[in-house]
Structures are given as C-alpha cells and as structure tokens.
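Have a look at the structure below, then the notes.
When reading the values below, keep in mind they use all heavy atoms of this one structure, side chains included, and skip hydrogens, waters and symmetry mates. Bear in mind that the values here come from a model prediction, so they are computed numbers and not experimental data. Residues: numbered from 1 along the sequence shown.
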Amino acid sequence: MKALNHRQAQDASLAFSHLARGDAAAALAIARPLAAEAEGAPDAQHLLALSLLASGDADAATVAFEAALRLAPGQPAIFANYGRGLRRFGRRIEAGEVWQRMALALPGDSTARLEAGLADLEAGRLEAALAHLREAVRLAPAVPRAWHALGNALREADRLAEADDAFHRAIALDPRNPLLWANLGGVLRLRGRSDAAIEAYAQARACGADDPVVREAEVGALIDALRFDLAFERAESLVADHPEHFGGHTTLAELRWEYGPDAGRDSALTPFREAVARRPDSRELALSLVSLLLETHQAGEALERLQRLRREADHPTLVAMQANALQALGRHDEAAAAYAEADGALGATDVHFANAYVRHLLTAGEWAAAARRAEAALAIAPEHQETWAYLATAWRLTQDPREDWLCGFDRFVELMPVDVPRGFASMPAFLDALREGLDALHQARNEPVRQSVRGGSQTPGRLFGRADARIAALEAALTATIERFIARLPKDETHPFLRRAARSVRYTGSWSVKLWQSGRHANHFHSEGWMSSAFYVALPPSVAAGGDAGALQLGQPPVELGLDLPPRRIIHPHEGHLALFPSYLWHGTVPFDDEAPRITVAFDMLPKA
C-alpha cells in the first residue's frame, strides 16, 4: 500500500479543509490531479471519492471508492464513507452491499455489523439482520443506536419481550431520545401493556416529541386502556395542531364511530369531512376520508369524491378505488371497465388490487378467470390469506378438486376442549371469572369499523398481555391445546397451510367479541394470521342448545359476492371449547335471538420458529 509523500499529504490536507467548509469544487480541483499522480495511494483515491460525492457525482465516486478499496481492502474509514455516501444519494441497496462487504472483511467492527444489520432489515432479511445486530451490541454494548436497531428488528420479528428489553437498554444509554421512548411505547402496546405504553409516550413528549404519528399512537394506547375521555381530548388536540395529518382524523373518526355519543352514525365522520373541506389541496387527507367512507359502507359519497379527485389529477390508484366503490354500489359493468383500466399499472405488483379484481370476477360469474388471476396474485405474495380465500371459492365454483385439498374442512378444522386453566377448580368457575374481566373491557357502543362484527362490541388493543391473571391463565391453557392440534396435522410441503406448521405458535392479535341480540360475524378471513380461532366463554341458551343459531359456519363466502353458496361446515360451539382453522377459510356466525350475549375470545397465530 503506497503512502502519500510530504507534499502530497499537504495537498490532501488542504482538500479536506475545503470539504469541511463545503467547497466541493476547490477540493475536487486538488483531488483529481492528486489521484492521477498517486494512483497507487488509497488515501488519494479516498479523497477523490469524497470530493466527487460532495460534488454530486455518485457514479464517479463509486469508481474511486472501489479503487481505494482495491488498494486498502481492510480500511474501515473507506468502507464507512462509501456506504454512508451511497445512502445519502438514496442508493440504499448498493449501500447495503457495501456494509455487507465491510462486515465480511472486518467481522469485529461494530459499525460494520450495525450498518449491515440495518441494510438487511430494510431489505426484509430479518434473520440476517438479527444476527448482525446482536453481534453489534455484543461488540459495542454502550452504543444506544445499536440497541435501538436491534429493538426495531426484534419488533419486526414479533419477539416483543426481547424488543422491550433492547429498547430499555437503549434508553438507559440515551434517556432523552424521544424516538426510543416512542418505539418502546409501540412494543408495549403490542404486548398488551397499555398503561406502560401511555407512560412511554408521555416520556417521548417530555423529551420534545410532537410528531403526529407518536401522538396518534398515544391516542391508541389510551383507547386500549379504556381512558376514553382523555383519548377524545388528545385526538381532538392532535387534529387541531396537525390538520394535515390524515392518521389523526381517521383515529378521531373511528373513536367517535365506536365510542362516541353518536356511535355508528354518519355524523361520526363529520369532523373529517370538515377537515377535508378546509384543506382542498390535501389529496392524502381526501383519500383517507374516501377509504373510511368505503369501510363504513358509504360508497355513494366515496364515489362522488373520487370522481372529483380524478378530474383534478388522475392516477391508477384512484381508478382502482373508484372500481371498488362501483362494485360496492352494484354497478358491475362500470366496475369492470375501471378494474380493466387500472390493471395495466397495478395488476402485476399490487396484491390488494389483484384481490379486488378477483372479487369482482367472482361476482361477475367469471369464475375460471378469477381462479387464474388469484393464482397469478400468489406470485406477488405467496402467503396472502385473502388470495387463498378467493382462490378456494373460485375452485369450488369451477368444481376443482383442489378446493378440498386447500380447505380440508374435515382435516384442518377442529373444536377442542381446553383444559381447566391453572389456579381454577373447574372450567365453569374459570369462565365465570373470565367473563367478569371481559365485561369490563367491552365498553364500545358500536361495532368497530374494520372488523367482521355486526351487532356487538370488540375489545380494543391486544387482549393477551394485559395485566390480568385470568387472561394469562387462559393464554397458557390455549397454547397447550393448540400444540396438541398442530402435532396431529399431516405433513405436506406443497400445502400453503401445512408447510408452515411448527411445534408451537406466536399470537399476532387477540381480542374478545360480545355479540348482542341478533348479532353475528359477517363471513370473512383473517389477513394477519396463519391459523385463527374462537374460544367460547359464554353462549346464549339457544346457542348452547345445539341448534344453528349462533353457530360458526365455515366455507361460505361473503354475501356481497352474490354467490349463494352454503357453508361447507357448521360447528356448534360449546363453552370452554376452542375452534381452530386456517386463517384463509371464510368463516362467520349465524344470528341468534336471545337477550343474553355470545362472548368469545379470538386470536390469530403465526408459526413459532
């Protein structure tokens, strides 16, 4: 490795001083001839690369960085400046490759491990990211950024207890960092610890965080903790302070819809409409209102707003949303034209659009085309539960035997008794105690916007993880039952449900539903799960008697598709029993007439590595 001579070193020092002052042109005027004169010196090539970066020429800088690394392949400063420079120009994939090379060349360098882990995390290589980041905190345990990155990766992997610990370690090193407190709050919410999450968000605000996303999350934690008065106050303050933040308006509208004095009424969205009227140039705000209108079955107003937005500035996403509105209004021919118009831009890359198109084709009676399009959509997202749900329906309509292979209503669906949770004398005694705890959580006045409940309430936030011994005892008993069920499943590496089975599960969501008289679940699937469930806590007399009232029905697509297909299987529930089934199976319930409510605990699961 060739070193610079005394005069060359002085020139390099002058060029670096120009870079420090922001004078890239002066630095480059020195660096170019120096690099040509001392082409075998890595310091000269490194200086040229930095000068080119400062001048905005990332391509030429890349050539110079590579030349420097050929001359000094183990030089950490060259690697680090190379990676940071590419990232500054938005070339994140290339930057990640540089950090990966640095980690291989310098396995004991904590910065290399940290940056390689962040690159892996951004690229979705979760296990590789965790390996790099665990090594980064081992090598540099006093660096809060490394613990912060590890916490983010662990949260992404749904290893929430470990993420909690990583964020606490980062906070111990950097206690005034508002982002650390906010991220800790997010993990605590996911763990069902809403009171602790509220405190974490309060600390984030005390450290100077006024980010509307953080404030929106704090409102969510207040709802989880049943502190509705304060949730309303904070939500209204959020939209007043950040009128352009669409998430705050959506949160306030959903809070009013579910818990407000005008719960479930059209007027719950009135403040959102007024905000859009005050900010006619905010398309994000307008589109968020349209999405909420579609979710609350107000497709006529959604269509009117979409037509105005398209006249102002058209986009394929607007066309797709208009197709969805037309479909909801039963204007199928117009919807077909809109789906076809958006297909060229979105059909091969957007799985949500692809599934909406499949749904339209099923409604239109084009069942073979629906099957073909669903199979193509699986190339975009092979584990997408909605696609498998529609494909099962298309195969059923075309009498394809793969429907039975996929759905396995007699093989992959089971109603199982759950052992009496530890600490209780009997299942009835446990259910009485559990119901008392759940009743305190069911405070909604109307069904949630984005769920299947019709005529009932759903508990906010995550149920599992709440500071309630009854819920903890239930979770332990359910896990044992689920593991027995999984152990009996057949092996099939070609099957979308069976190939993912592991010895146990982790819970991705958990809640309780209380259906009121005439309440039901609309037929639906679960997008966040691999396997889903219903544990029966309390059943009205007509349901407990064993008739179809209040029964769980599987395999019947939603009524909106207009297919008039009967269920493939009906399960008559029993208190203290657990129903298990693949998350992509259509499932819903039959209404019942009793005044007594039907109470369940439900949850989604993913295989536990």
Side-chain angles (χ1 to χ4, degrees), residues 294-295 297 299 302-303 316-317 319-409 450-452 454 496-497 520-527 532 553-569 581-589:
L294 289 171
E295 294 280 0
H297 312 291
L303 180 59
T317 300
V319 182
M321 293 180 76
Q322 183 168 331
N324 293 340
L326 290 164
Q327 183 72 22
L329 292 168
R331 294 161 61 174
H332 302 305
D333 291 343
E334 295 170 84
Y339 282 122
E341 182 182 349
D343 188 37
L346 303 176
T349 57
D350 188 330
V351 69
H352 300 290
F353 171 79
N355 283 322
Y357 207 163
V358 172
R359 184 169 60 245
H360 163 74
L361 292 170
L362 288 170
T363 304
E366 299 180 40
W367 301 334
R372 289 193 297 271
R373 185 168 284 274
E375 290 177 26
L378 290 172
I380 305 173
E383 309 297 351
H384 207 276
Q385 301 299 291
E386 184 177 12
T387 310
W388 287 110
Y390 289 133
L391 184 55
T393 302
W395 279 345
R396 177 177 179 178
L397 291 164
T398 56
Q399 299 183 0
D400 191 313
R402 287 178 292 180
E403 184 221 355
D404 178 66
W405 168 82
L406 173 63
C407 297
F409 293 105
R450 292 183 171 85
Q451 305 301 330
S452 65
R454 303 290 183 268
F497 177 64
R520 64 184 177 90
H521 283 277
N523 292 327
H524 64 291
F525 64 93
H526 285 234
S527 60
S532 297
Q553 53 187 17
L554 298 113
Q556 183 181 55
V559 66
E560 291 81 10
L561 296 183
L563 298 173
D564 196 27
L565 292 172
R568 284 299 201 191
R569 183 171 175 185
F581 46 88
S583 295
Y584 54 71
L585 291 187
W586 295 114
H587 58 285
T589 64

side-chain hydrogen bond (donor to acceptor under 3.5 Å, both in side chains) contacts in which one or both residues fall within residues 362-371, not counting sequence neighbours: Gln327-Thr363
Closest contact, heavy atoms only, Pro558 versus Asn523: CB-O, 3.8 Å
Minimum-distance pair of heavy atoms, taken over all atoms of Ala371 and Leu391: O-CD1, 3.7 Å
Listed partners of His526 passing ring pair (Phe, Tyr, Trp, His ring centres under 6.0 Å), at least two apart: Trp511, His524, His587
Arg331 vs Leu303 side-chain heavy atoms within contact, under 4.5 Å: yes
Ring pair (Phe, Tyr, Trp, His ring centres under 6.0 Å) involving Phe353 - partner list, sequence neighbours excluded: Tyr357
Minimum heavy-atom distance Ala320-Ala342, with the two atoms named: N-CB, 4.1 Å
Residue pair Ala374 / Val358: nearest heavy atoms and the distance that separates them: N-CG2, 3.7 Å
Minimal non-hydrogen separation, Ser452 against His521, with atom names: OG-ND1, 2.8 Å
Result of checking Trp395, Trp586, Tyr584 against Tyr390 for ring-ring contact (aromatic ring centres under 6.0 Å, His included): Trp586
Distance-minimising heavy-atom pair for Gln553 and Pro567: OE1-CG, 3.6 Å
Salt bridge (charged side-chain N to carboxylate O under 4.0 Å, His left out) contacts touching residues 377-389 (sequence neighbours left out): Arg359-Glu386, Glu383-Arg499, Glu383-Arg500
Rounded distance [0.5 Å steps], NE2 in His360 versus CG in Asn324: 11.0 Å
Pair Phe497 and Trp405, ring centroids less than 6.0 Å apart: no
Test side chain to side chain contact (heavy atoms under 4.5 Å, CB included) applied to Arg520 - qualifying residues, sequence neighbours left out: Arg454, Ala522, Thr589, Pro591
Value rounded to 0.5 Å, distance of CG in Leu326 from CE in Met321: 12.0 Å
Candidate pair Leu585 and Trp388, rule side-chain contact (heavy atoms from CB on, under 4.5 Å), full reasoning: CA-CA 8 Å; Leu585 291 187; Trp388 287 110; over 6 Å; no
Residue pairs, two or more places apart or on separate chains, that pass side-chain hydrogen bond (donor to acceptor under 3.5 Å, both in side chains) and touch residues 342-352: Asp343-Arg373
Heavy-atom check, side chain of Phe409 versus side chain of Asp404, under 4.5 Å: no
Candidate pair Phe581 and Ser532, rule side-chain contact (heavy atoms from CB on, under 4.5 Å), full reasoning: CA-CA 6 Å; Phe581 46 88; Ser532 297; 3.6 Å; yes
